[in-house]
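Order of the sequence lines fixes the chain letters, A, B, ..., with proteins taken first and strands second; residue numbering starts at 1 for each chain.
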Amino acid sequence: MSLQKPSIPKGTRDFSPSQMVRRNYIFDTIRNVFQLFGYQPIETPAMENLSTLMGKYGEEGDKLLFKILNSGNFMDGYHDQTDNIHTLTKHISEKGLRYDLTVPFARFVVQHQNELTFPFKRYQIQPVWRADRPQKGRYREFFQCDVDVIGSHSLLNEVELVQIIDAVFSKLRIRVLIRINNRKILAGIAEAIGVPEKLTDLTVALDKLEKVGAEKVKEEMIERGISSDSVEKLAPLLDLEGKMETKFDFLTQFFADTEIGRLGLKEIEILIDYLKALDLKNKFEFDIKLARGLNYYTGTIIEVKALDVTMGSICGGGRYDDLTGIFGLSEMSGVGISFGADRIYDVMLELNIFPSEIGAATKVLFINFGGEEERFCLKLTSEIRSSGISVELFPNPAKVKKQMEYAHRNNIPYVVLAGQDEMQSGEISVKEMSTGNQTKMRVDELKKLLS
RNA sequence: GUGGUCGUAGCUCAGUCGGUUAGAGCGAUAGAUUGUGGAUCUAUAGGUCGUGGGUUCGAGCCCCAUCUUCCACCCCA
């Protein structure tokens, strides 16, 4: 076999121990908050049937699905000569890697509905895959940390999710802005300007307001087939700034003739009202420009961005009223959010806000002198370990210099030297690596020092 | 998927107009009193210049393809 350069697929990454320590810090922090709010863990397979995934994320989403080639002779029985990519795809692939955790969750809920107690609150921390073109903060394999509650219409769930967001980012010490909107408001706007069927085009264009400015947004809307008449009706909304009360007052008038708009406005007012009564550490705002694309959202939508670094959203989600409907279970409203662990990692790295104390696993290294001393140390390490202290014995009697270097590089704070002298006196030499100080003490004194 | 960009030692990067044997710093390894890491000194190793073609007497440098990185669009965690 010829020698080949090892490599991994585009947009995927290996994680070294030092990276994993930090990643786990993020996962642990998030998981702890989830549990604190009473959510229960589940996991689902990396791959799902394509029929489960297709059509849930819009046209764009379907393109970004990684499809798995059928095993065996996947061309068997295929005689279509029309070169239709869709029929070919259907024939050779029936499984795909999951694109997010929400759709598999909906599938899970339908499939296990008889075992679940509703409202069902679950969290799920697993990787997802998207055949996107990689960029900064955009990977083809990345971890999502989802919390959802399904089987409850109450806006209290939204309130809880915002509390979770606030708690997570406070703990991680990332300053964020929480933006909130409601799909019903967007639908109301579409209705109010007379283009209810153009909701998606409207929201996609609206979402770019901050980025490209009002003029470009208007242009895009016209390109997307929204009449200039309708676009003009929208104009005052594009300039809508300032206090939330001002926005509410304006929209109340704007939505005079649209039921769904008023409904959305009512929902957001209640939510904001609840949130104001809480003592949240991060800022939140009602922003009609927020227009998350995922097709299944029907109510509240939430997006979180870091304040001190340029990065896409690090958390997002919303309410979906009928995601389980297509799997045969209706009347199951759910709401959930997803934390993007990899982006959170990138943000924390850029801001240099990882706590320095994480990562030091082993507390003490025993130098290996071989022979009798080795047996002596093996016994001591075992004894110390049983009191819950992480300890290592170097596996072979290498030069002391080499062993000391091992301790240094692995950030092991203490080194024990126990040779002939120590064995006889019963006191071992303990070196504190940060200061270089070395003192003799009994084993129980060492245990006390490290506990 | 569209347009652009990057790739030279483990890492960060030099490398002239296409010209002999591709360099530096950091790091690594070994040593400087056989029981002591970080600092210093000495020595050593390390490269198919992303990969594959092409042009040329001659290619790290020019051309084409491809992979990868990053960026914009699209979309999104």
Side-chain angles (χ1 to χ4, degrees), chain A residues 2-13 16 26 30 57-65 85 99-102 125-146 165 200 203-205 207-208 211-212 216 220 290-295 297 301-306 310-317 336-347 365-370 373 394 397-422 428-438:
Chain A
S2 70
L3 206 68
Q4 60 171 12
K5 249 190 186 171
S7 64
I8 54 174
K10 185 202 294 210
T12 64
R13 292 139 316 141
S16 64
I26 293 172
I30 292 175
Y57 310 105
E59 209 178 313
E60 201 65 32
D62 282 357
K63 282 191 212 159
L64 298 180
L65 283 171
I85 190 79
Y99 178 92
D100 72 355
L101 300 178
T102 308
I125 299 175
Q126 288 190 277
V128 303
W129 295 268
R130 295 181 188 179
D132 214 344
R133 193 169 283 206
Q135 265 179 55
K136 178 179 186 161
R138 173 176 298 192
Y139 307 99
R140 287 184 145 183
E141 177 184 62
F142 60 96
F143 274 74
Q144 290 195 327
C145 313
D146 271 40
I165 292 170
T200 307
T203 54
V204 168
D207 195 36
K208 293 176 191 158
K211 213 169 180 179
V212 299
K216 293 265 183 193
E220 177 162 349
L290 175 62
R292 308 200 77 249
L294 286 179
N295 281 7
Y297 291 128
I301 45 181
I302 301 172
E303 184 170 283
V304 183
K305 281 194 157 190
T310 314
M311 175 74 67
S313 63
I314 53 178
C315 177
I337 49 170
S338 180
F339 291 81
D342 304 77
R343 283 189 178 174
I344 290 172
Y345 180 95
D346 290 344
V347 166
L365 174 76
F366 273 66
I367 299 292
N368 187 330
F369 291 107
E373 293 96 318
F394 202 83
K399 286 182 181 172
V400 173
K401 179 188 168 85
K402 171 116 183 141
Q403 301 191 43
M404 293 298 271
E405 227 165 66
Y406 177 87
H408 176 65
R409 289 195 194 190
N410 286 297
N411 285 316
I412 299 172
Y414 294 95
V415 167
V416 166
L417 298 100
Q420 285 297 332
D421 295 353
E422 285 85 354
I428 53 179
S429 297
V430 177
K431 174 160 178 164
E432 187 180 358
M433 295 298 275
S434 60
T435 59
N437 293 339
Q438 191 168 322

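If you take CG on Asn437(A) and CD on Glu432(A), they are separated by 6.5 Å, rounding to the nearest 0.5 Å.
Of the residues Asp100(A), Asp146(A), Thr102(A), the one that meets the side chain to side chain donor-acceptor pair (under 3.5 Å) test with Ser338(A) is Asp146(A).
To the nearest whole angstrom, the two C1' atoms, one in A30(B) and one in C67(B), are 38 Å apart. Annotation: C61(B) and G25(B) have their P atoms spaced 26 Å apart (nearest Å). Between the P atoms of G27(B) and G35(B), the separation comes to 27 Å (whole Å). For the P atoms, the distance linking U8(B) with G31(B) amounts to 32 Å, nearest Å. Straight-line distance between the P atoms of C57(B) and C73(B): roughly 47 Å, to the nearest whole Å. With both ends at atom C1', the span from U12(B) to G7(B) equals 14 Å, rounded to whole Å. Nucleotides G50(B) and G60(B) have their C1' atoms positioned 12 Å apart, rounded to a whole Å. Taking atom C1' in both U55(B) and A9(B), one finds a spacing of 29 Å when rounded to whole Å.
Using N1 to N3 plus N6-O4 or O6-N4 for Watson-Crick, or N1-O2 and O6-N3 for G-U wobble, each under 3.5 Å, U40(B) pairs with A32(B). Pairing partner, A22(B): none, since no Watson-Crick or wobble contact has both distances short of 3.5 Å. Pair assignment for U51(B) gives A65(B), based on Watson-Crick or G-U wobble hydrogen-bonding distances that are each under 3.5 Å. Shown here, U16(B) forms no base pair; nothing in the strands shown gives a Watson-Crick or G-U wobble contact with both key distances under 3.5 Å.
Out of U36(B), U29(B), C75(B), the shortest distance to the side chain of Arg409(A) is found at U29(B). Listed nucleotides: G35(B), U29(B), C76(B). Nearest to the side chain of Glu422(A): G35(B). Counting only heavy atoms from C-beta on, Arg133(A) has its side chain closest to G3(B) among U36(B), G3(B), C76(B). Side-chain atoms of Lys431(A) lie closest to G37(B) of the nucleotides G37(B), C75(B), G35(B). Side chain of Arg138(A), nearest nucleotide from C75(B), U68(B), C70(B): C75(B). When each of C75(B), G35(B), C76(B) is scored by its nearest atom to the side-chain atoms of Glu60(A), the top-ranked nucleotide is C75(B). Nearest to the side-chain atoms of His408(A) among the listed nucleotides G38(B), C75(B), U36(B) stands G38(B). Closest to the side chain of Lys401(A), from the set G37(B), U68(B), C74(B), is G37(B). Checked against G37(B), C76(B), U68(B), the side chain of Met404(A) finds its nearest nucleotide in G37(B). Across C75(B), G35(B), A72(B), the shortest atom-to-atom separation from the side chain of Lys208(A) is found for C75(B).
Note on Gln135(A): a side-chain N or O is less than 4.0 Å away from OP1 or OP2 of A72(B). Phosphate proximity of C74(B) to Arg130(A): absent, as no side-chain N or O sits under 4.0 Å from OP1 or OP2.
The closest donor-acceptor contact from the side chain of Gln403(A) to the backbone of Asn368(A) lies under 3.5 Å. No donor-acceptor pair under 3.5 Å is formed between the side chain of Arg140(A) and the backbone N or O of Pro134(A).
Side-chain contact check for Leu417(A) versus Gln438(A): some heavy-atom pair is nearer than 4.5 Å. Counting heavy atoms from C-beta on, the side chains of Lys63(A) and Glu60(A) come closer than 4.5 Å.
In the interface, the side chain of Glu405(A) is not paired with the base of U36(B) through any donor and acceptor atom under 3.5 Å apart.
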